[in-house]
2 protein chains.
Amino acid sequence: MEDTRNRILKAALESFSKHGYTGATTREIARVSEVTEVTLFRYFQSKEKLFENVVCKFLPGPEFGQFVSNAKELDYRQALESIAHFFLEGLKQNEDLIRILYMESQRHYELMEQIYSALINNLNVILADYFTELQGKNIIRRFDPSVGAKMFLGIWIAFYEEEHLFAIDPGKVKTVEAVRECIEIFVRGTQA
Amino acid sequence: MEDTRNRILKAALESFSKHGYTGATTREIARVSEVTEVTLFRYFQSKEKLFENVVCKFLPGPEFGQFVSNAKELDYRQALESIAHFFLEGLKQNEDLIRILYMESQRHYELMEQIYSALINNLNVILADYFTELQGKNIIRRFDPSVGAKMFLGIWIAFYEEEHLFAIDPGKVKTVEAVRECIEIFVRGTQA
DNA sequence: CCTTAATGATAGTTATTACTTACTTACACT
DNA sequence: AGTGTAAGTAAGTAATAACTATCATTAAGG
């Protein structure tokens, strides 16, 4: 049944994200998803195949990143702010996948590249295009759009990691205000 | 002998960084360091203790981050550039430790916090102080120095990850130029 | 020459893991 | 009533892991 399959995949996502590929056990995944180990192997022939299915299943599609296009209507500063928040939110919603990305970037290189691409690389390109467009309209000054995009997104990646990957207390500064402060620097640094 | 001990620790660092804690095996570590497994366990009573010793051994001391103080003599822009390069270089030289940091941030939380602190958090504080100082002298405008520091370092973390953790081809743009471009944005964004 | 310390060699223990085989149960549809 | 499908139960296999016990070897120092 489709329900069983999904329960296994969800439990597997959690388990892989908590313990890494080698650390996760089919026994625990079966227990959490409330099926027997035999059933698990009936759906997915091996742990490796289960892993691949997990990644593909939860990989965000091209709609992740759509918000850049949506933000284009806004004023430059507002657009950046909106993009930053959506990006941060997107990272948060894909927390399990991101943990896997970091843990398995060595051993499951090609699979992880897909995650990285879907979450970050694609956005990089879209954002760079946005910068190019604004440069054409002389709204912002000339700089390498791809570098600018990498820098802009990089800021939030680091913010995200500190808070969600390493669970470091973000201190007294609230994220919203921190984002605004960073945007201010970036806007001043890039405007014509 | 001290040499044997160090050989084991070095091999262990590599192994943990390649395969993660659970993925690494005492057998392989022994093989690479050219001792028998028995010897390994004579020096370190368990895999867990070996792991702790590896982290402590290769943890960078407070001299990592010293370069911020050294850069203070320079012009603002040059100082930032120098800091960025030293930071990136420092990350590169601690590549194995950083891999471990990402892979084990879930399971060895307290140990990993030490790595994060030594590599990033301490620097954050030092850099924030530098910004505060410059704000006092009216060289740069007022902004939350701690947020500014986090943003500044965050950029390079993301650059580093893309290139060294995920081994993504950085494309045609060379790192040196990319760094300069980002610094330009940051300087314009923060100057008085 | 004898002792001590550092290491090797060999073998074994216990636990766990991914994965399998064979048989059974429960339920839905015809 | 009978059949097929999705799942459970029980038991087991082969490999591998961390870790231990025992004894032998080597080399340096008194």
Side-chain angles (χ1 to χ4, degrees), chain A residues 1-58 96 99-100 103-104 106-112, chain B residues 1-58 96 99-100 103-104 106-112:
Chain A
M1 230 177 147
E2 198 58 23
D3 177 54
T4 307
R5 192 187 158 86
N6 285 332
R7 257 168 34 228
I8 298 174
L9 284 170
K10 190 165 166 264
L13 176 73
E14 275 176 38
S15 221
F16 285 132
S17 134
K18 248 194 227 162
H19 311 290
Y21 180 77
T22 33
T25 68
T26 52
R27 184 186 296 179
E28 199 213 349
I29 295 171
R31 192 181 50 78
V32 171
S33 49
E34 289 177 300
V35 296
T36 55
E37 232 179 317
V38 180
T39 301
L40 186 153
F41 280 103
R42 271 197 275 250
Y43 278 92
F44 311 92
Q45 299 94 310
S46 67
K47 191 186 178 184
E48 186 66 35
K49 292 218 169 154
L50 170 60
F51 184 70
E52 288 165 20
N53 274 276
V54 165
V55 172
C56 293
K57 163 91 180 180
F58 295 101
D96 285 334
R99 287 232 175 81
I100 294 177
M103 290 197 285
E104 299 303 321
Q106 300 292 301
R107 275 167 303 184
H108 294 88
Y109 176 66
E110 289 181 26
L111 265 178
M112 296 308 105
Chain B
M1 231 179 145
E2 199 58 24
D3 176 55
T4 308
R5 194 187 156 85
N6 285 332
R7 257 168 34 227
I8 298 174
L9 284 170
K10 191 166 166 266
L13 176 73
E14 275 176 38
S15 221
F16 285 132
S17 136
K18 246 194 228 163
H19 312 290
Y21 180 78
T22 33
T25 69
T26 53
R27 184 185 298 179
E28 199 214 347
I29 295 170
R31 191 180 51 76
V32 172
S33 48
E34 289 177 300
V35 295
T36 53
E37 231 178 318
V38 181
T39 301
L40 186 153
F41 280 104
R42 271 197 276 251
Y43 277 93
F44 312 92
Q45 298 94 311
S46 66
K47 189 186 180 184
E48 184 67 34
K49 292 219 168 150
L50 171 60
F51 184 70
E52 288 164 21
N53 274 275
V54 165
V55 172
C56 293
K57 163 91 179 178
F58 295 101
D96 285 335
R99 287 235 173 81
I100 294 178
M103 289 197 285
E104 299 303 321
Q106 299 295 297
R107 275 168 302 185
H108 293 90
Y109 176 67
E110 290 181 26
L111 266 178
M112 296 307 105

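Chain naming here is simple, since letters A, B, ... match the order of the sequence lines and numbering starts at 1 in each.
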How many Å lie between CD on Gln45(B) and P on dA21(D), as a whole number? 14 Å
Rounded distance in Å - CZ (Phe41(B)) to P (dT13(C)): 18 Å
Would you say the side-chain atoms of Arg99(A) pair up with the backbone N or O of Lys18(A), donor to acceptor, closer than 3.5 Å? no
Check whether Lys47(B) reaches the backbone of Tyr21(B) with its side chain - one donor and one acceptor, N or O, closer than 3.5 Å. yes
At less than 4.0 Å, is any side-chain N or O atom of Thr39(A) found next to OP1 or OP2 of dG8(D)? Yes or no. yes
Would you say a side-chain N or O of Arg42(B) is under 4.0 Å from OP1 or OP2 of dT7(C)? no
Sugar-phosphate, base or nothing in reach of Ala30(A), heavy atoms under 4.0 Å: nothing
Can you check the Leu40(B) CG to dT20(D) P distance for me, whole Å? 12 Å
Quick one: Lys47(B) NZ to dT16(D) C1', roughly how many Å, whole number? 12 Å
Taking the side chain as C-beta and beyond, is there a heavy-atom pair between Thr4(A) and Tyr43(A) under 4.5 Å? yes
Examine dA18(C): is either OP1 or OP2 under 4.0 Å from a nitrogen or oxygen in the side chain of Thr26(A)? Give yes or no. yes
Atom-to-atom span, CZ of Arg27(A) to P of dT17(C) - whole angstrom: 5 Å
Scan Val38(B) against the nucleic acid and name what it touches under 4.0 Å (heavy atoms): base, sugar-phosphate only, or nothing. base
Residue Glu52(B) excluded, over 12 heavy atoms near CD under 6.0 Å: yes
Tyr43(B) OH to dC19(D) P: how many Å, rounded? 18 Å
Over all strands shown, is Glu34(A) touching base, sugar-phosphate only, or nothing at heavy-atom distances under 4.0 angstrom? sugar-phosphate
Of the candidate nucleotides dA6(D), dT7(C), dG8(D), which contains the atom at the shortest distance from the side chain of Thr4(B)? dT7(C)
Once you apply a heavy-atom cut-off of 4.0 Å, does Thr36(A) come out as touching a base, just sugar-phosphate, or nothing? base
Can you tell me if Ser46(B) touches the phosphate of dA18(D), counting only side-chain N or O atoms and a distance under 4.0 Å to OP1 or OP2? no
Compare all side-chain heavy atoms of Phe16(B) with those of Val55(B) and state whether any distance is below 4.5 angstrom. no
Quick one: Phe44(B) CZ to dT20(D) P, roughly how many Å, whole number? 15 Å
Nucleotide dG8(C), atom P - distance to CZ of Arg31(B) in whole Å: 15 Å
